[in-house]
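Have a look at the structure below before the remarks.
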Amino acid sequence: MQTKFLLSEEQIPTHWYNVIPDLPGPLAPVIHPGTKKPVTPDDLLPLFPMGLIEQEVSRERFVRIPEEVREIYKIWRPSPLFRAHRLEKAIGTRSRIYYKYEGVSPAGSHKPNTAVPQAYYNKIFGTKRIATETGAGQWGSSMALACQMFGLDCTVYMVKVSFHQKPYRKSMMQLWGAEVLASPSDRTNVGRAILAKEPTNQGSLGIAISEAVEDAATHEDTRYALGSVLNHVCLHQSVIGLEAKEQMKLAGDYPDVIIGCHGGGSNFAGIAFPFVADKSAGKKVRLVAAEPTSCPTLTKGVYTFDFGDTAQMAPIAKMYTLGHDFMPPGIHAGGLRYHGASPLVSQLVAAGVIEAKAVGQLACFDAAVTFARTEGIIPAPESSHAIRVALDEAERAKQEGKEKVILFNLSGHGHVDMAAYDAYFAGQLDDFEYPADKVREALARLPKVELAG
Ligand SMILES: Cc1ncc(COP(=O)(O)O)c(C=O)c1O
């Protein structure tokens, strides 16, 4: 009974996989928030270095990974693929459950897979400082780590409620040399305006993105970095699925269903996109994105043009959205509280290539506890959404008398989220149902985009 399927350092992928050539139709343009016209690479230069802009619009199926990036990937890649024998036994399934584990990175999640190349392309472009946002702190700590490795300064706007509730993620960012500000802050016009109106505002991801974008746009030596959603972020995360494909071959299996939790879409894209080409070539594989019922972007949002941030400074993209000023309830999976979604994931959901499922917070913690008590690893609250859906798939196969091969991405560990587990065991967590009224209100404020032709 083999438990771990491992690759050698030489088997770290040499190229990232870009799903754009395998999309069922053309990708909608990204729109400038001011002019409401399609953005050009020049429009993006105040925010991103040219190397990343080129990747954002690349139509190449495979993009070479720079050796400098592969060298740093060696610290934790290739990440292990596990067969969940103990979990299978505990739930009494004949299905075979595998998981790819991204919690082995120094920051404890999949986020460094893109933070490292983003820091690299900024370094060779001449950027001195990165401004970015973070919700619960996973992305901020990954970017702080990557900046440290390439000698860049790093300013992180951290959503205020998490800044106070998650002091250890803040400590990790500071240890790796970043400056961490509670957002809304008095550092930006956006932050000052919000604080003037509402001094006790606890912040949101949309507000923190606005602050980081303003910081980058108003400082010549500074660029912005985003930890999810964008095409180049999904590109970088493809190392997860490319490795998993090789590891599934070692296991002598091919997945019937692949599952990833979904916030902005990057870890899901990472595990699922390398299998999209197989699916278009006729392979029967289901790709399922797992999201919270409290922020049900893919299952209850609309597929339309919307701003990426609250203050309407970030580009407008065609995506599933709950409205750019939708404020999700305060669930513990902070990394899944985003109003929008990757345009690539969105297009594939709209085309029926990808499915989405929404799961409640309590059922996710229940799945996480079962997983930790059998497999040993304590999952991040975000990752527990993928576990919940994997367990539901196994249960369904059992009911139907079938034997399925289930693969999910365990995007991170929960060592810095133990307060959430304490709250769960103390019975202090709630399930938030679909906040229909709040979504309806937010959707009334979508931008009007008219495309020529
Ligand atoms: C552990 C973990 N998993 C998943 C996510 C969701 O992000 P994405 O959808 O970009 O993978 C986050 C975001 O912070 C995270 O920290």
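Order of listing sets the numbers, starting from 1, for every ligand and every atom in it. Note that the structure is predicted; figures quoted are calculated from it, not measured. In this chain, numbering begins with 1 at the start of the sequence shown. When reading the values below, keep in mind they use all heavy atoms of this one structure, side chains included, and skip hydrogens, waters and symmetry mates.
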Could you work out, with side chain to side chain contact (heavy atoms under 4.5 Å, CB included) as the rule, every residue matching Ala419, not counting sequence neighbours? none
Using 30° and 60° as the class boundaries, would you call the ring planes of Tyr73 and Trp16 parallel, tilted or perpendicular? perpendicular
My understanding is that only one of Ile259, Ile258, Val257, Leu391 makes a side-chain contact (heavy atoms from CB on, under 4.5 Å) with Phe408; could you say which? Ile259
Can you name the salt bridge (charged side-chain N to carboxylate O under 4.0 Å, His left out) partners of Lys438, sequence neighbours left out? none
For the residue pair Phe307 and His324, categorise the inter-ring angle as parallel (less than 30°), tilted (30 to 60°) or perpendicular (more than 60°). perpendicular
Sequence neighbours left out, what passes side chain to side chain contact (heavy atoms under 4.5 Å, CB included) with Val30? Give chain and number order. Val39, Pro315
For each nitrogen or oxygen atom of ligand 1, which protein N/O atoms lie closer than 3.5 Å, and how far apart are they, rounded to 0.1 Å?
{"unit_1": "ligand 1", "atom_1": "3 (N)", "unit_2": "Ser411", "atom_2": "OG", "d": "2.7"}
{"unit_1": "ligand 1", "atom_1": "7 (O)", "unit_2": "Lys111", "atom_2": "NZ", "d": "3.4"}
{"unit_1": "ligand 1", "atom_1": "9 (O)", "unit_2": "Gly263", "atom_2": "N", "d": "2.7"}
{"unit_1": "ligand 1", "atom_1": "9 (O)", "unit_2": "Gly264", "atom_2": "N", "d": "3.0"}
{"unit_1": "ligand 1", "atom_1": "9 (O)", "unit_2": "Gly265", "atom_2": "N", "d": "2.8"}
{"unit_1": "ligand 1", "atom_1": "10 (O)", "unit_2": "Lys111", "atom_2": "NZ", "d": "3.3"}
{"unit_1": "ligand 1", "atom_1": "10 (O)", "unit_2": "Ser228", "atom_2": "OG", "d": "2.5"}
{"unit_1": "ligand 1", "atom_1": "10 (O)", "unit_2": "Ser266", "atom_2": "N", "d": "3.1"}
{"unit_1": "ligand 1", "atom_1": "10 (O)", "unit_2": "Ser266", "atom_2": "OG", "d": "2.7"}
{"unit_1": "ligand 1", "atom_1": "11 (O)", "unit_2": "His110", "atom_2": "NE2", "d": "3.0"}
{"unit_1": "ligand 1", "atom_1": "11 (O)", "unit_2": "Ser266", "atom_2": "OG", "d": "3.3"}
{"unit_1": "ligand 1", "atom_1": "11 (O)", "unit_2": "Asn267", "atom_2": "N", "d": "2.8"}
{"unit_1": "ligand 1", "atom_1": "11 (O)", "unit_2": "Asn267", "atom_2": "ND2", "d": "2.9"}

